[in-house]
There are 2 protein chains.
Amino acid sequence: MTKSRQVTIHDVATRAGVAVSSVSRVLSNHPDVSIDMKRRVEDAARELGYSPDPVAQSLRRGSSRLIGYVVRDFATPFFSDVIEGLESVLNSSGYTLLVMNGGGSQTQEIERMTMLKQRRVDGLLLSTVVDSTPKLRKIVSAYDKPVVLIDRDLDNLDIGRTLFDHVTGIKAATNDLVNLGHTSMVLVTGSPDVRPTRERVKGFLEGLMTSPEAMKKSFEITGAFSAAFARKETTAVMTGNPAKRPTAILSGGVQATIGVLESFSELGIRPGRDVALVVVDDLPWLRILRPRISAVSRDAEAMGRAAATMILDQIGGVKPSTIYLPTSYEARDTSSSLEDVMAYRTKMQRK
Amino acid sequence: MTKSRQVTIHDVATRAGVAVSSVSRVLSNHPDVSIDMKRRVEDAARELGYSPDPVAQSLRRGSSRLIGYVVRDFATPFFSDVIEGLESVLNSSGYTLLVMNGGGSQTQEIERMTMLKQRRVDGLLLSTVVDSTPKLRKIVSAYDKPVVLIDRDLDNLDIGRTLFDHVTGIKAATNDLVNLGHTSMVLVTGSPDVRPTRERVKGFLEGLMTSPEAMKKSFEITGAFSAAFARKETTAVMTGNPAKRPTAILSGGVQATIGVLESFSELGIRPGRDVALVVVDDLPWLRILRPRISAVSRDAEAMGRAAATMILDQIGGVKPSTIYLPTSYEARDTSSSLEDVMAYRTKMQRK
DNA sequence: CAAACTACTGGAAACGATACCAACAATAGA
DNA sequence: TCTATTGTTGGTATCGTTTCCAGTAGTTTG
């Protein structure tokens with residue numbers, strides 16, 4: 001711990017033999033500086049190892065080159081990829097990202113948002129645990145800095161939004177399963193309080209449209225972002241009336257996927273054989289599983305980059321807009337046909 | 001976006017009909033305030049909805065109630081648990097945690113550290129990608145604020161350290177494997193540039209001590225924090241000379257574990273049957289695998305809480321110290337005996 | 001050659017708080 | 001009654017910048 005007082009703009013001014021205002025002008029490259037002045041100040045600054053104090057700058061300017069991001073849970077692989085994308089753009093523009101965990105509670109998220117405001121962030125990024133509540137709407141509309149929603153929705157508000165076209169991916173998956181003969185399908189997913197869940201349900205239902213029978217026999221289970229919830233629900237559905245047992249499962253979100261797979265492990269169910277499975281959101285460690293699990297995927301890092309670019313634009317005065325990024329379905333080993341599933345089941349039956 | 005200028009301490013002073021200095025005194029509960037003054041100021045502050053500006057406070061006080069944490073990769077489950085622990089303690093003491101991703105590069109980490117210093121954090125927490133380099137040592141010793149290392153080491157420096165006793169856990173695992181008859185074991189782990197890897201190697205070697213033959217035939221592979229590295233190395237070792245093929249594998253760290261399991265999937269190797277397996281660091285999604293994988297675990301959240309408490313203490317003037325947290329080995333299904341592994345292998349041979 | 005620019009430069013007032021110091025009144029002690 | 005002491009308060013410098021305003025010198029224009 002060294003004690004040495006930090007070097008200020010005054011020290012630079014004294015050393016260069018000029019006024020502090022001139023130093024400031026040079027360092028923030030104001031047009032009105034002579035070439036000689038520029039040289040002298042820059043030399044002095046370099047010699048003293050001066051670097052401006054961001055705190056003082058924030059106070060004076062009212063801005064901070066800081067961007068805040070309040071996120072439901074940054075440990076989720078999806079969000080950590082988003083963050084990577086955000087940082088890649090932000091850092092190269094001289095901004096710093098401040099990530100705040102919401103801890104799964106709207107109250108805490110709002111606290112974080114106001115604390116970021118007090119710290120004078122230049123913009124706010126949001127992936128909250130709940131979107132579309134009046135409370136959130138109120139605080140967002142009262143925020144006097146640019147706001148960009150990431151994979152969240154809040155309509156009729158003049159803010160930026162970067163969204164995924166969740167419908168397309170899951171609809172394609174559902175269509176594929178229908179074509180493979182399935183009619184009894186279940187979508188297990190997270191909380192309907194956020195857009196991704198709502199859109200996934202919508203896409204699932206749209207995919208079902210082509211088969212009236214499937215529409216009758218399939219349904220979705222939404223609830224909480226927790227593996228325990230998904231595990232319990234999956235177990236209930238898979239151990240219920242054998243006649244009504246679904247022949248295909250779709251899981252939406254990391255926690256749901258973990259829950260579904262946990263349930264399968266416990267029940268001795270092998271995905272792709274006893275039941276078809278499509279997970280929505282690919283996960284890096286899914287690669288270790290055989291058979292390979294079919295997945296709907298999306299580019300989280302691209303979304304991060306898009307959101308960062310958007311908020312920078314808004315800081316620069318561009319009007320808020322909404323952009324959409326695609327999702328895509330990739331059939332792998334567990335998109336098995338109804339026929340195969342039924343064949344396996346009757347074989348088991350006989351034993 | 002509302003335009004309204006923020007309410008300052010001056011507004012409160014005017015409203016209460018007192019001097020700004022008195023307002024400041026009341027709000028930072030200085031002892032020398034009359035009960036009447038206190039009431040008037042508090043009323044005025046409440047009526048105006050005043051809250052002090054942290055930026056101005058930082059500038060004046062030189063401190064910020066902010067704690068910085070520079071971490072190798074916060075997407076790793078271990079670190080996100082640590083962060084949870086940190087926040088639980090810090091938030092309830094009125095501090096805010098600023099998490100900065102190091103991006104796997106020491107250069108970037110050092111940049112982050114200086115930026116945090118400029119932002120006047122009151123303390124710095126570190127889990128860097130490399131410890132014990134002269135460069136890091138230099139910058140840490142020049143840091144004029146309390147520093148606490150989390151699961152990292154840097155000796156002969158007057159800073160706080162919260163460390164795991166990695167040796168005990170992995171030594172217990174190794175001993176168990178030795179008792180199960182194994183002599184040909186391989187430890188696949190991350191980069192030796194950080195303490196956990198070095199200690200794990202040390203614990204592994206200590207565990208080997210009881211068997212001269214094991215000491216001769218077992219070895220460790222250290223390298224990078226990447227699944228690809230671990231996968232490649234595992235494949236190399238498992239497809240080499242059958243006579244020398246290890247009968248037990250220990251994997252250290254998330255990425256190594258993923259890599260090992262990927263390799264196993266590709267080669268059709270089933271842990272616990274073709275080879276014994278112990279992973280060092282339990283992972284939430286390991287639960288979905290059958291057989292259940294033996295693991296060495298540690299309490300990341302507890303470490304976060306300990307580190308937070310320690311840095312708060314140091315800010316309060318307590319001398320830096322070092323504390324150790326335990327690690328423990330839990331044998332599950334994949335701690336299979338040499339006998340079983342060999343039986344399976346020869347059975348395969350005959351086919 | 002006076003007037004009007006242009007190109008720089010320095011001084012000083014903010015930004016919003018804290019903390020030191022002096023001043024004041026009321027009480028206690030001599 | 002006079003001084004010391006205690007408790008409480010207001011004024012003001014300060015933290016490290018930015019930015020507005022004036023001022024100077026040199027250049028161009030009528």
Side-chain angles (χ1 to χ4, degrees), chain A residues 3-42 44-45 48-66 94 115 117-122 144, chain B residues 3-42 44-45 48-66 94 115 117-122 144:
Chain A
K3 264 274 105 70
S4 66
R5 202 181 55 84
Q6 75 168 296
V7 5
T8 76
I9 200 171
H10 285 96
D11 303 325
V12 179
T14 320
R15 172 126 194 168
V18 300
V20 289
S21 44
S22 297
V23 177
S24 172
R25 239 164 299 165
V26 171
L27 266 31
S28 49
N29 37 300
H30 189 96
D32 289 351
V33 280
S34 69
I35 167 146
D36 177 59
M37 170 69 85
K38 189 174 158 74
R39 208 184 36 71
R40 287 172 63 187
V41 170
E42 280 172 349
L48 294 172
Y50 169 78
S51 79
D53 181 339
V55 176
Q57 287 182 317
S58 294
L59 178 61
R60 182 58 235 236
R61 290 182 169 152
S63 84
S64 60
R65 312 231 104 199
L66 247 35
M115 100 135 306
K117 188 177 182 173
Q118 288 186 146
R119 296 274 174 194
R120 289 180 153 72
V121 292
D122 292 349
D144 56 355
Chain B
K3 264 272 107 67
S4 66
R5 201 183 55 84
Q6 77 167 296
V7 3
T8 75
I9 199 171
H10 286 95
D11 303 327
V12 179
T14 319
R15 172 124 193 171
V18 300
V20 288
S21 44
S22 297
V23 177
S24 173
R25 238 165 300 162
V26 170
L27 266 32
S28 49
N29 37 299
H30 189 95
D32 289 352
V33 282
S34 70
I35 168 142
D36 178 59
M37 169 69 83
K38 188 174 159 73
R39 208 184 37 72
R40 287 172 63 186
V41 170
E42 281 173 347
L48 294 173
Y50 169 78
S51 79
D53 182 339
V55 176
Q57 287 181 318
S58 293
L59 178 61
R60 181 58 235 237
R61 291 183 168 150
S63 85
S64 61
R65 313 230 102 198
L66 248 34
M115 102 134 304
K117 188 176 180 174
Q118 287 187 146
R119 296 274 174 193
R120 287 179 154 71
V121 293
D122 292 348
D144 55 354

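Mapped onto DNA chain D by nearest heavy atom, B:Asp32 and B:Arg61 fall at different nucleotides, with B:Asp32 at the one closer to the 5' end. Comparing B:Tyr50 and A:Ile35 along DNA chain C, the residue whose closest nucleotide (by nearest heavy atom) sits nearer the 5' end is A:Ile35.
Judged by distance alone, with hydrogens and angles left aside, A:Arg120 brings no side-chain donor or acceptor close enough to the base of C:dG16 to form a pair under 3.5 Å. With hydrogens and angles ignored, no donor-acceptor pair under 3.5 angstrom links the side chain of A:Arg60 to the base of D:dT17.
Rounded to an integer number of Å, the gap from CZ of B:Arg65 to P of C:dA17 is 16 Å. Between the C1' atom of C:dA17 and the CG atom of B:Asp11 lies a distance of 13 Å, rounded to the nearest Å. In this structure, CG of A:Leu59 is placed 9 Å from C1' of C:dA14, rounded to the nearest angstrom. Residue B:Lys38 contributes atom NZ, which lies 13 Å from atom P of D:dT8 at whole-angstrom precision. Separating the NE2 atom of B:His10 from the P atom of C:dA17 is a distance of 9 Å, rounded to the nearest angstrom. Rounded to whole angstrom, the span from the CD1 atom of B:Ile9 across to the C1' atom of C:dC15 amounts to 14 Å. Atom-to-atom, CG of B:Asp36 to P of C:dA25 comes out at 17 Å; the value is rounded to the nearest Å. For the pair B:Asn29 CG and C:dT18 C1', the interatomic distance rounds to 14 Å; values are reported in whole Å.
Nucleic acid contact for A:His30: none, since no nucleic acid atom lies under 4.0 Å from a heavy atom of the residue. Backbone-only engagement by A:Asp53 is indicated by non-hydrogen atom pairs under 4.0 Å involving sugar-phosphate atoms exclusively. A:Val18 comes within 4.0 angstrom of the backbone, heavy atoms only, and of no base. At a threshold of 4.0 angstrom between heavy atoms, the contacts of A:Ser34 are confined to the sugar-phosphate backbone, with no base atom among them. Within 4.0 Å (heavy atoms only), B:Thr8 reaches sugar-phosphate atoms of the nucleic acid but no base atom.
B:Ser64 places a side-chain N or O within donor-acceptor distance of the main-chain N or O of B:Arg120, the cut-off being under 3.5 Å. Panel note: side chain B:Ser24, backbone B:Val20; no donor-acceptor pair is recorded below 3.5 Å.
Distances shown here put every side-chain N or O of A:Ser58 at or beyond 4.0 Å from the OP1 or OP2 atom of D:dT17. Side-chain N/O atoms of A:Gln57 include none lying less than 4.0 angstrom from OP1 or OP2 on D:dG16. Within the structure, a side-chain polar atom (N or O) of A:Ser22 is placed less than 4.0 Å from OP1 or OP2 of C:dG10.
In this structure, of D:dG16, D:dT19, C:dG16, it is D:dT19 that holds the atom nearest to the side chain of A:Ser24. If you check D:dT18, C:dA19, C:dA17 against the side chain of B:Pro52, the one that comes closest is C:dA17. Checking D:dT17, C:dA17, C:dC20 against the side-chain heavy atoms of B:Arg25 singles out C:dC20 as nearest. In this structure, of C:dA12, D:dT17, D:dG10, it is D:dT17 that holds the atom nearest to the side chain of A:Ala56.
Of the candidates B:Lys38, B:Arg39, B:Arg40, B:Glu42 forms a side-chain hydrogen bond (donor to acceptor under 3.5 Å, both in side chains) with just one, namely B:Lys38.
In this structure, A:His30 places its NE2 atom where more than 12 heavy-atom neighbours from other residues, nucleotides or ligands lie under 6.0 Å away.
Of all heavy-atom pairs between A:Arg25 and A:Val33, the closest is CB-CG1, 3.9 Å. Nearest heavy-atom pair, A:Thr8 versus A:Asp11, reported as atom, atom and distance to 0.1 Å: N-OD2, 2.8 Å.
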